[in-house]
Amino acid sequence: MSIFVENDFNWKSKIYKTTSEMVCEKIYNIFKEVFKCETRISVEYTFQKASATKKPEKQVRMAGRKSRHRSQTRKAIPLERKKNYYSYQIFINNNLGMNILRENEIQNDSIWYNNPDNNVNIKHYIGIAVSVFNNEEVNFILQIDFLDDFKFGKNDTEEEIKKLLIRIYYHM
């Protein structure tokens with residue numbers, strides 16, 4: 001795989017996109033079929049791109065997505081255009097690891113942006129932020145939006161959430 005990445009400039013669209021789509025599909029199906037819970041799963045990543053002024057600009061792109069209504073991703077946009085969204089805060093603040101929002105935080109307009117064009121009621125959010133190059137900078141986020149009420153354990157603690165996600169990971 002490393003030889004392929006080193007020699008093919010389109011590795012993101014071939015390997016990363018395909019892998020992201022497979023992961024999103026698998027996680028979606030596990031929650032849908034095993035736990036009877038509707039979710040939206042996505043993978044977003046950032047990269048540098050020269051803007052119209054030739055100045056490098058941080059861009060964000062969705063590499064994979066799976067939900068009941070949509071599996072197609074959208075084109076890359078400047079990260080600044082995602083300012084309203086929680087993923088922007090994760091990228092800008094380099095919040096590596098597990099980022100968890102519960103329903104009361106999602107209802108708080110200062111934390112979560114509810115797109116008026118999108119009539120989806122999210123109950124729980126988990127964003128797993130990763131640094132690919134171990135440089136403390138978030139390079140991608142695996143995001144899970146829970147559209148149904150879901151119990152991760154007896155008390156829905158961060159530890160119970162982590163244990164469940166690890167179990168799911170080993171079943172993929």
Side-chain angles (χ1 to χ4, degrees), residues 1-31 39-67 70-102 105-106 111-113 115 122 124-146 152 157-172:
M1 175 124 74
S2 75
I3 292 169
F4 183 84
V5 169
E6 287 174 19
N7 294 310
D8 189 333
F9 295 112
N10 293 319
W11 68 271
K12 284 182 187 170
S13 64
K14 292 180 180 173
I15 295 175
Y16 187 70
K17 186 173 181 351
T18 302
T19 303
S20 295
E21 289 169 349
M22 288 173 20
V23 166
C24 291
E25 177 87 23
K26 185 69 173 176
I27 293 172
Y28 176 84
N29 286 336
I30 288 171
F31 277 105
T39 58
R40 292 189 313 191
I41 316 293
S42 66
V43 174
E44 289 186 340
Y45 69 96
T46 60
F47 61 97
Q48 294 289 334
K49 181 180 179 183
S51 66
T53 63
K54 305 292 184 215
K55 181 182 171 195
E57 179 178 58
K58 197 171 239 185
Q59 300 268 316
V60 64
R61 180 173 189 135
M62 193 176 284
R65 178 181 177 108
K66 179 64 182 163
S67 70
R70 187 164 70 116
S71 296
Q72 297 297 314
T73 60
R74 295 185 175 148
K75 66 180 184 169
I77 62 170
L79 181 59
E80 287 297 313
R81 285 190 33 207
K82 295 221 27 147
K83 257 188 175 168
N84 292 340
Y85 294 91
Y86 190 69
S87 61
Y88 173 84
Q89 296 302 321
I90 295 172
F91 283 123
I92 292 299
N93 296 320
N94 291 310
N95 293 341
L96 289 167
M98 190 92 57
N99 292 270
I100 300 168
L101 293 178
R102 289 171 172 73
E105 294 167 300
I106 292 168
I111 298 173
W112 186 268
Y113 171 67
N115 186 340
I122 297 170
H124 215 104
Y125 168 87
I126 298 173
I128 303 169
V130 177
S131 174
V132 177
F133 305 108
N134 295 321
N135 61 0
E136 301 301 315
E137 179 181 339
V138 172
N139 302 111
F140 77 88
I141 307 169
L142 169 65
Q143 301 180 101
I144 307 172
D145 296 338
F146 291 82
F152 295 93
T157 64
E158 189 169 328
E159 190 61 35
E160 289 172 320
I161 293 170
K162 285 179 183 177
K163 284 180 182 178
L164 176 67
L165 293 177
I166 289 169
R167 280 187 22 224
I168 289 171
Y169 172 76
Y170 285 112
H171 285 90
M172 289 179 51

Worksheet item: Can you find a heavy atom in the side chain of Ser87 that is under 4.5 Å from one in the side chain of Val60?
Response: no
Discussion item. If you apply the rule salt bridge (charged side-chain N to carboxylate O under 4.0 Å, His left out), what do you find for Glu158 with Lys163, and how did you get there?
Written reply: CA-CA 9 Å; Glu158 189 169 328; Lys163 284 180 182 178; over 6 Å; no
Worksheet entry | Point-to-point distance, once rounded to the nearest 0.5 Å, from CZ of Phe91 to OH of Tyr86 | 12.5 Å
Worksheet item: Taking atom CD of Gln72 as the centre, does the number of heavy atoms from other residues, nucleotides or ligands within less than 6.0 Å exceed 12?
Response: no
Item to complete: With rounding to the nearest 0.5 Å, note down the distance linking CZ in Arg65 to OG in Ser20.
Response: 13.5 Å
Discussion item. Please identify which of these residues, Asp145, Ile144, Ile100, meets the side-chain contact (heavy atoms from CB on, under 4.5 Å) condition with His124.
Written reply: Ile100
Discussion item. If the condition is side-chain hydrogen bond (donor to acceptor under 3.5 Å, both in side chains), which residues does Asn95 pass it with, not counting sequence neighbours?
Written reply: none
Worksheet item: Under 4.0 Å between a Lys/Arg side-chain N and an Asp/Glu carboxylate O for Lys58 and Glu137?
Response: yes
Item to complete: Measure from the ring center of Phe47 to the ring center of Phe140 and say whether it is less than 6.0 Å.
Response: no
Item to complete: Please say which of Arg81, Glu80, Lys82 ends up in a side-chain hydrogen bond (donor to acceptor under 3.5 Å, both in side chains) with Tyr88.
Response: Glu80
Fill in: Where Thr46 and Val138 come nearest, the two heavy atoms and their spacing
OG1-O, 3.8 Å
Worksheet item: Have Ser42 and Gln143 got a donor and an acceptor in their side chains that come within less than 3.5 Å?
Response: yes
Worksheet item: Is it true that Tyr85 and Trp112 have ring centroids separated by less than 6.0 Å?
Response: no
Worksheet entry | Tyr16 ring center within less than 6.0 Å of Tyr45 ring center | yes
